[in-house]
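Single-structure report; data block below.
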Protein chains: 2
Amino acid sequence: MKPKPKTKLKDVAKATGFSENTVSLALRGSPRLPESTRDLILRVAEELNYFPNHIARSLANNATRTIGLVLTDIMNPTLTLAARTIERELTKAGYGMMFAASDTSVESEKRALLRFQSYQVDGILVYPAHHRKFDHIVAVAEAGTPVLLLAELRGSGLDTVAIDDMAGAYKVACHLLGLGHRRIAMLDGGFMSGNDDKRRGIRQAIRQAGLPTDTLIVHNAKGTSATQGYRVMPAVMADPNKPTALVASTDALATGALRWCGENGISVPGQMAIAGYDNTEVSEFSVLPLTTVNYAADEISRIGVARILHRLENKEARLPAETQLIEPELIVRATT
Amino acid sequence: MKPKPKTKLKDVAKATGFSENTVSLALRGSPRLPESTRDLILRVAEELNYFPNHIARSLANNATRTIGLVLTDIMNPTLTLAARTIERELTKAGYGMMFAASDTSVESEKRALLRFQSYQVDGILVYPAHHRKFDHIVAVAEAGTPVLLLAELRGSGLDTVAIDDMAGAYKVACHLLGLGHRRIAMLDGGFMSGNDDKRRGIRQAIRQAGLPTDTLIVHNAKGTSATQGYRVMPAVMADPNKPTALVASTDALATGALRWCGENGISVPGQMAIAGYDNTEVSEFSVLPLTTVNYAADEISRIGVARILHRLENKEARLPAETQLIEPELIVRATT
DNA sequence: TTGAAAGCGCTAACAC
DNA sequence: GTGTTAGCGCTTTCAA
């Protein structure tokens with residue numbers, strides 16, 4: 001079994017007697033060719049099992065029809081859903097997708113962006129690693145590669161389609177306060193910008209209910225994983241004035257906290273209400289007694305893809321950057 | 001803000017007074033250049049903010065340093081983990097990754113493979129969509145693009161690194177039989193080849209324990225999602241001789257079944273033992289009372305990436321295809 | 001030690 | 001309607 005020579009435009013040209021140019025036009029369905037020649041060429045190309053070399057085409061066109069996606073961590077179900085939706089939408093639109101994970105490290109985010117630039121992707125979708133260090137992302141956009149953020153980065157001036165975290169947190173807080181909770185702990189992963197907004201949303205609900213500021217206590221979980229949610233719980237419950245409700249900045253943190261409660265004889269949601277962020281689609285069959293804010297990752301992904309593709313089509317028009325925030329829904333899980 | 005001209009090799013050449021060729025060599029750290037010139041060139045390139053056009057390089061080299069990954073469904077936690085691990089390993093090795101989902105459709109799998117071929121990826125990792133329809137995958141390999149399967153496809157003759165499903169199922173079955181279960185239902189998603197092996201493994205355990213064949217009843221869940229696991233349960237429990245243990249061919253199916261049991265007053269694992277497939281890393285903090293077979297997606301991914309890269313380096317050597325099966329571990333969840 | 005020239009496979013501008 | 005020519009940005013002989 002040999003390396004096998006791939007059929008090239010030239011081969012099809014020779015086989016049909018037409019020039020490379022004509023073949024190229026035929027394959028791309030140019031209207032200025034008579035049907036007869038086009039059909040002939042297509043048939044021969046088919047027979048020779050020809051398919052275009054996308055790399056060569058990209059070089060000639062100065063466009064790869066490829067979009068890069070940089071996520072922090074694909075194991076986060078929200079981002080998994082985002083990745084899936086983005087891939088689907090891009091495929092539908094005839095685009096390819098390159099994927100890279102930053103693992104919430106600004107350094108690897110930087111490397112991923114550089115790699116994508118080098119690969120000449122037509123555009124980049126970024127779920128950013130850090131809420132204040134984003135100069136390198138801005139630099140990519142300024143260098144001419146369209147960039148779209150999937151989480152808000154205040155002051156970046158970059159195109160954005162994201163969840164309105166403040167509104168979401170406000171909703172959860174209202175819900176919890178409505179249930180009579182008077183001491184709410186927030187488990188803050190401590191990474192993304194959204195957490196500021198989440199705090200702000202909770203505080204707003206508290207103020208609005210006329211309750212004291214210290215109704216909210218914030219704990220830094222130093223991470224967003226279940227493990228870290230589990231580990232921070234002793235500190236949370238060491239407070240003599242223990243909270244009766246928890247708002248976790250990620251769903252994984254909430255799961256860890258839930259496990260800790262289970263192991264320590266605290267019934268959920270009986271003695272402790274736990275709220276996190278999630279996606280309807282992901283959690284439809286969850287059996288966990290968590291209240292969640294629907295992160296709507298699929299929605300922002302769909303809109304985000306549409307936006308960046310739209311920008312590519314109007315590349316020269318240089319549309320101004322725009323921020324679009326989606327207000328999340330609350331899902332109160334029926335299980336107890 | 002203008003489209004901004006990117007710095008090219010030619011620009012660096014002009015700026016330094018050297019030829020494009022010399023610059024190219026310097027940037028790739030050729031030893032046959034004196035340090036002085038190399039340093040000068042590197043400095044100027046840095047100043048001009050030069051970075052190579054990977055597309056042009058790929059065309060010249062006839063190699064893209066890009067690997068394609070085709071998964072059925074990235075929402076499956078096992079495959080999410082696989083995607084993450086594969087991305088990590090590839091990045092480490094200086095490769096880029098393109099990603100596509102087949103959604104368990106042979107047609108879109110075919111399209112994804114074609115796209116990848118067109119994009120000239122150096123190799124393709126496939127988690128196949130169907131256990132019998134794989135001619136199109138073989139065709140890709142025969143056309144000269146190295147292909148590696150992440151699930152066994154009997155008779156394909158393709159390079160494979162996968163989980164030994166039969167061994168895994170055998171282990172679960174032994175475990176359940178050891179607990180005294182005498183009626184085991186298998187929830188079969190009905191898609192992948194592995195399911196035959198899973199059935200075979202369970203039967204082997206049953207035979208070995210000297211129990212009658214009908215200890216195992218197979219139910220087709222017509223899908224692998226939680227929803228489908230939930231929906232198939234009434235049929236499973238309609239049997240007058242109800243099973244006391246369930247082996248689900250995917251973890252999501254198990255979750256759906258678990259939910260059904262919860263809603264129908266059947267305690268798990270008290271009145272019903274449920275086993276599924278999963279990954280240690282994914283389920284470390286799960287609170288669900290499931291027994292799982294560790295699918296070790298990260299392990300097969302790591303090995304798989306190493307294998308395909310190794311093949312790329314020895315492209316001309318044409319190493320023979322090889323199948324490597326990893327025996328999975330059993331994880332009996334402590335929670336009740 | 002460095003440079004000139006050709007070529008990777010395709011597209012595009014302009015002839016004919 | 002179709003062919004010719006040049007060129008995308010880089011690498012790679014082969015000379016000097």
Which residue lies more 5' along DNA chain C, comparing B:Gly17 with B:Asn61 via nearest heavy atoms: B:Gly17
Quiz item: A:Asn62 side-chain donor-acceptor pair to C:dT11 base, under 3.5 Å: no
Ionic contact status for A:Glu313 with A:Arg311, cut-off 4.0 Å: no
Over 12 foreign heavy atoms within 6.0 Å of CD, A:Glu46: no
Below 4.0 Å: OP1/OP2 of D:dT11 and any side-chain N or O of B:Ser24: yes
Sugar-phosphate only, base, or nothing, as touched by A:Arg32 at under 4.0 Å among non-hydrogen atoms: base
Phosphate-side-chain proximity, B:Arg28 and D:dT12, N/O vs OP1/OP2 below 4.0 Å: yes
Side-chain N,O (A:Ser19) to OP1/OP2 (D:dG3) below 4.0 Å: yes
Options C:dT2, C:dC10, C:dC8, nucleotide nearest the side-chain atoms of B:Ala60: C:dC8
Atom pair distance, as rounded to whole Å: CD in B:Gln117 and C1' in C:dG9: 16 Å
Rounded distance (Å) that lies between atom P of D:dG9 and atom CG of B:Leu25: 19 Å
Atom-pair distance (CG on A:Asn53; C1' on C:dG9), nearest Å: 6 Å
Distance, rounded to the nearest Å, where A:Tyr50 contributes OH and C:dC10 contributes C1': 7 Å
Whole-Å gap separating C1' (D:dC10) and NZ (B:Lys10): 12 Å
B:Leu9 CG to C:dA4 C1', straight-line distance once rounded to whole Å: 15 Å
Donor-acceptor pair (no angle test) under 3.5 Å: A:Asn21 side chain, C:dT11 base: no
Spacing between B:Ile55 atom CD1 and D:dC8 atom P, to the nearest angstrom: 16 Å
Distance, rounded to the nearest Å, where A:Leu27 contributes CG and D:dT2 contributes P: 14 Å
Closest to the B:Glu20 side chain, choosing from D:dG1, D:dT11, C:dC10: D:dT11
Min side-chain heavy-atom separation B:Ile137-B:Leu149 under 4.5 Å: yes
B:Glu152 and B:Arg154 ion-paired at < 4.0 Å: yes
Sugar-phosphate only, base, or nothing, as touched by B:Ser58 at under 4.0 Å among non-hydrogen atoms: nothing
4.5 Å side-chain heavy-atom contact, A:Leu113 and A:Ile124: yes
